[in-house]
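Side-chain atoms are counted along with the backbone in the values below, which use heavy atoms only and exclude waters and symmetry mates.
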Amino acid sequence: MKRIVLLAVFIAVLALPAFSQFRIDMGFGVPLTLAVIGNGQIQTNSDVGDFLGDYHFPFPEAGLYYQFSVGPLKLAPGVRVFTLIFESVL
């Protein structure tokens with residue numbers, strides 16, 4: 001009985017890549033400005049935008065997605081991770 005269940009799981013695992021795919025994305029996000037959204041208004045400080053224009057801080061990001069088709073749509077549930085790096089500029 002264990003062999004039949006194990007064989008069924010093995011076949012299912014091998015059959016999934018035929019109809020779907022794993023997707024790995026890696027990149028860097030560079031913020032251009034900082035803002036606060038509240039009460040239907042966007043508040044920002046021009047000093048922050050000027051600072052980020054002079055100094056670029058890349059934030060590494062990575063994502064692992066499982067993409068599959070549902071009719072004409074492609075769905076990709078997964079995990080996206082951002083790395084926050086603290087730097088000091090003197």
Side-chain angles (χ1 to χ4, degrees):
M1 186 65 179
K2 283 185 182 181
R3 287 185 183 180
I4 294 173
V5 172
L6 187 60
L7 183 63
V9 169
F10 186 68
I11 290 172
V13 168
L14 290 177
L16 284 177
F19 305 105
S20 61
Q21 64 181 358
F22 283 101
R23 191 174 124 188
I24 299 173
D25 293 332
M26 295 171 63
F28 289 94
V30 179
L32 301 176
T33 187
L34 295 175
V36 176
I37 300 174
N39 296 330
Q41 297 178 352
I42 299 175
Q43 299 173 359
T44 185
N45 188 345
S46 63
D47 293 339
V48 174
D50 294 339
F51 177 79
L52 290 175
D54 294 336
Y55 302 100
H56 300 287
F57 296 100
F59 293 100
E61 62 184 25
L64 176 65
Y65 306 100
Y66 180 72
Q67 183 174 343
F68 58 93
S69 297
V70 178
L73 299 175
K74 289 191 180 255
L75 299 177
V79 176
R80 190 169 182 190
V81 179
F82 295 94
T83 303
L84 183 60
I85 299 173
F86 292 104
E87 297 181 28
S88 63
V89 177
L90 300 175

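Every residue two or more places apart in sequence or in another chain that forms a side-chain contact (heavy atoms from CB on, under 4.5 Å) with A76 is listed here: Y65, Q67. Remark: R80 pairs with E61 by the side chain to side chain donor-acceptor pair (under 3.5 Å) rule, at least two apart or across chains. In terms of the side-chain contact (heavy atoms from CB on, under 4.5 Å) criterion, residue partners of V79 (sequence neighbours excluded) are, by chain and number, V81.
Grouping Ile, Leu, Val, Met, Phe, Trp and Tyr by side-chain contacts under 4.5 Å, direct or through others, leaves F28 on its own. In the hydrophobic clustering (ILVMFWY side chains linked at under 4.5 Å, chained through shared members), L64 is joined by I24, M26.
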Tell me which donor-acceptor pairs under 3.5 Å the side chains of residues 1-8 have, and how far apart each pair is, sequence neighbours excluded?
none

